[in-house]
Amino acid sequence: MKKSLKQYRRPDWDEYFLEMAKLVASRSTCLRRKVGAVAVKDKRILATGYNGAPSGLAHCIDIGCLRVKLNIPSGQRQELCRGIHAEQNVIIQAVLHNVDLNGAKLYVTNQPCVTCSKMLISCGIKEIVILEGYPDSLALKMLKEAGIKIKRFKFKN
């Protein structure tokens, strides 16, 4: 039986790029939280990133998580982690490939932490669309102060 044209649902741009961020997150090697990020400008993907150990180093999925071993709560003592955050990897990939992120929009599966927020402010990200929150109110305060719009997206059923 043929479907009428009204039966086809096309995702809007936010949904489209957040689905990609979820796919990117599936490459994460973090044992505690899988995060993916996609930087976009003019509806074109500039760079992607997921959280995991630096290139060439052992991943937590292979050697275990230092944060779990030390019983460190989420959102605290971020320096005690082998991983690079997804947002940081977006910036690194952009730099490695000479891509300008100034004026770009970032789609990320979780709210950025304060360290990532400072980096995103400094590289000129103009808007951030997230799926989930993160226990870091200072990050939100700094993003707001910088005039960066942050929007939490809810998927339609």
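Numbering of residues begins at 1 and proceeds along the displayed sequence. In this text the structure is predicted, and so the values were computed from the model without any measurement.
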Residues 12-24 vs side chain to side chain donor-acceptor pair (under 3.5 Å), sequence neighbours excluded, gives R9-E15, D14-K105, D14-Y107, D14-K151

Only pairs under 3.5 Å count here: list side-chain donor-acceptor contacts from residues 47-55, not counting sequence neighbours, and write none if there are none.
| unit_1 | atom_1 | unit_2 | atom_2 | d |
| --- | --- | --- | --- | --- |
| Y50 | OH | R27 | NH2 | 3.4 |
| N51 | OD1 | S28 | OG | 2.7 |
| N51 | OD1 | V35 | N | 2.9 |
| N51 | ND2 | R33 | O | 2.6 |

Connected to L70, directly or through other members, by ILVMFWY side-chain contacts below 4.5 Å are L66, I72, L80

Can you find a pair of side-chain heavy atoms, one from V68 and one from L31, that are under 4.5 Å apart? no

Is P112 close to I128 at the side-chain level, that is, under 4.5 Å between some pair of heavy atoms?
yes

Worked check of side chain to side chain contact (heavy atoms under 4.5 Å, CB included) between V90 and L106: CA-CA 9 Å; V90 162; L106 186 72; 4.2 Å; yes

So salt bridge (charged side-chain N to carboxylate O under 4.0 Å, His left out) across residues 40-49, not counting sequence neighbours, yields none

Taken in chain and number order and not counting sequence neighbours, the residues that satisfy side chain to side chain contact (heavy atoms under 4.5 Å, CB included) with L23 are S26

Residues pairing under salt bridge (charged side-chain N to carboxylate O under 4.0 Å, His left out) where one sits in residues 55-80, two or more places apart or in two chains, turn out to be R77-E79

Using a 4.5 Å cut-off on heavy atoms from C-beta on, say whether the side chain of V40 contacts that of L46. no

Note: with side-chain heavy atoms under 4.5 Å as the link, the other cluster members for L96 come out as I84, I92

Are I130 and T109 close enough that some pair of their side-chain heavy atoms sits under 4.5 Å apart? no

So side chain to side chain donor-acceptor pair (under 3.5 Å) across residues 110-139, not counting sequence neighbours, yields E132-R152

For residues 76-103, the ring-ring contact (aromatic ring centres under 6.0 Å, His included) pairs (sequence neighbours left out) are none

